[in-house]
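Residues take their numbers from the sequence shown, with the count starting at 1.
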Amino acid sequence: MHIAPFDNQNNPIVDVDDATVPLNYFNIVKLKKGQAFEYSVPGYETCIVPATGTIDVDIEGFKVAGLGHRVVDVWDGEPEGVYVPTAAKATMVCMSDEAEVFVAGARYDKVLDAFAVRSDELDKVQYGSDDTKTHRKIKHILGTKYHDKVGRLLVSELFTVGAGGWSGFPSHKHDTDRLPLETRHDETYNFRFKPNHGSGVQMLQREDGKAGDAYHLVDGSTICLDSGYHPCAVLPGYEMYYFTILGGLSQRSLVQFFQPSHADQLETIPGIKDMIAKFK
């Protein structure tokens with residue numbers, strides 16, 4: 001499902017018990033200097049990630065000062081995040097002239113401890129190549145590094161490297177719990193383009209060998225993925241970014257099932273197996 005950019009007025013774009021991705025939660029909060037925003041999401045653990053701007057965060061007494069340093073856009077420096085336990089009350093206050101803040105969530109009942117992820121604590125991986133049109137960089141905010149501190153939530157930022165190319169290829173899915181082959185993980189993306197008038201396409205093929213759907217992506221597009229194979233691409237001459245939320249049904253580790261007709265491409269893309277391991 002594609003959700004076109006709109007002024008959500010700090011209300012969830014993907015709310016709890018969403019019909020398409022019930023395991024996910026997603027909000028974009030926009031604040032001016034000195035403004036505050038408070039939230040609590042029963043039944044969902046969340047992560048606060050400034051897209052741009054700087055905020056102070058208070059999670060029921062756990063305080064994080066000066067979170068986020070990007071000014072111009074998501075390409076302007078490294079991300080930072082704060083893990084918010086299930087149902088905890090979190091308050092963010094804008095310390096810069098303005099801030100745009102992502103709030104990512106996954107359904108999870110247990111209550112863990114809050115913690116911050118600073119820019120020097122990210123788990124990064126770069127793979128693919130210009131020749132294969134698959135060159136990209138992933139910055140894991142809540143990745144394998146924090147596996148014992150998070151319940152079901154995976155949060156990352158993905159960047160195309162260069163101008164134009166594919167992400168999410170070879171085509172894969174993760175819509176069914178059938179270990180060890182695959183796990184059920186709902187997934188939500190928010191896309192940005194550089195320059196911001198760029199665009200791309202999200203493919204969604206629900207059955208191997210049959211025609212699927214395609215969505216035209218623009219700056220600010222949100223995609224909700226509940227099932228099917230889902231590669232995406234950006235037009236030549238543009239860079240693409242997407243903020244990625246994964247919520248697991250029965251476990252946090254993601255096991256992707258690669259489309260049989262394209263699985264042999266795993267052997268052609270440099271470093272892709274390291275990328276796969278970082279989601280587990």
Polar side-chain atom of S40 near backbone of A87 as donor-acceptor pair, under 3.5 Å: yes
Plane angle bin for F193 and F191 - parallel if under 30°, tilted between 30 and 60°, otherwise perpendicular: parallel
Under 3.5 Å donor-acceptor, Q202 side chain and I223 backbone: no
Shared hydrophobic cluster, V150 / F26 (ILVMFWY, side-chain heavy atoms < 4.5 Å): yes
Members besides Y39 in its Ile/Leu/Val/Met/Phe/Trp/Tyr cluster (side-chain heavy atoms under 4.5 Å): V16, Y25, V29, L31, F37, V41, Y44, I48, I55, V57, I59, F62, V64, L67, V82, V84, M92, V101, V103
Reported CZ-to-CD distance for the pair F169 and Q265, which is rounded to 0.5 angstrom: 4.5 Å
L23: hydrophobic cluster co-members (side-chain, 4.5 Å): L249
Cluster link F159 to Y238, ILVMFWY, side chain under 4.5 Å: no
Close side-chain approach of D186 to P22, heavy-atom, < 4.5 Å: yes
Any side-chain heavy-atom pair of S221 and P5 under 4.5 Å: yes
Aromatic Y83 / basic K149 pairing, under 6.0 angstrom, 45° off normal: no
Heavy-atom check, side chain of K89 versus side chain of E38, under 4.5 Å: yes
Cluster check V155, Y146: I/L/V/M/F/W/Y, side chain < 4.5 angstrom: yes
Remaining members of the apolar cluster that contains Y229, side-chain heavy atoms under 4.5 Å: F257
Charged N-O contact under 4.0 Å between K145 and E121: no
Distance, nearest 0.5 Å, that separates CG of N27 from CG of N10: 6.5 Å
Ring geometry between H174 and H230 (parallel below 30°, tilted from 30 to 60°, perpendicular above 60°): perpendicular
Distance (rounded to the nearest 0.5 Å) between T176 OG1 and R184 CZ: 8.5 Å
Side chain T160, main chain M240, donor-acceptor under 3.5 Å: yes
Member of E157, Q126, E78 meeting the side-chain hydrogen bond (donor to acceptor under 3.5 Å, both in side chains) criterion with K139: E78
Close side-chain approach of T188 to T222, heavy-atom, < 4.5 Å: yes
Rounded distance [0.5 Å steps], CG in N190 versus OG1 in T244: 9.5 Å
Connected via hydrophobic side-chain network under 4.5 Å: V234 and Y189: yes
Flag, side chain of N24 to backbone of E187, donor-acceptor distance under 3.5 Å: yes
Test side-chain contact (heavy atoms from CB on, under 4.5 Å) applied to T183 - qualifying residues, sequence neighbours left out: D177, L179, H185, Q251, L254, V255
Backbone N/O of D213 and side chain of Q205: donor-acceptor pair under 3.5 Å: no
D208 side-chain N/O to Q259 backbone N/O, donor-acceptor pair under 3.5 Å: no
pair T86-K110: side-chain heavy atoms closer than 4.5 Å: no
Closest heavy-atom pair and its distance - E80, S119: OE2-N, 3.1 Å
W166/M203 under side chain to side chain contact (heavy atoms under 4.5 Å, CB included): CA gap, chis, key distance, verdict: CA-CA 11 Å; W166 286 87; M203 295 172 59; 3.7 Å; yes
Other cluster members, M95 - Ile/Leu/Val/Met/Phe/Trp/Tyr, side-chain contacts below 4.5 Å: V93
R206 with D226: basic N within carboxylate O range, under 4.0 Å: yes
Any donor-acceptor N/O pair, D264 side chain to E267 backbone, under 3.5 Å: no
Atom pair NE2/OG1 of H69 and T54 - distance to nearest 0.5 Å: 6.0 Å
T52 side chain reached by V72 side chain, heavy atoms, under 4.5 Å: no
Minimum heavy-atom distance P79-V49, with the two atoms named: CB-CG1, 4.5 Å
Backbone N/O of E182 and side chain of R178: donor-acceptor pair under 3.5 Å: no
Co-membership, hydrophobic cluster, residues L204 and I245, 4.5 Å side-chain: no
Over-ring placement of K194 relative to Y241, 6.0 Å and 45° cut-offs: no
Heavy atoms from other residues, nucleotides or ligands near CG of D113 exceed 12 (cutoff 6.0 Å): no
Charged N-O contact under 4.0 Å between E100 and R192: yes
Separation of R118 CZ from I141 CD1 (nearest 0.5 Å): 13.0 Å
Salt bridge (charged side-chain N to carboxylate O under 4.0 Å, His left out) contacts in which one or both residues fall within residues 4-28, not counting sequence neighbours: D17-R107
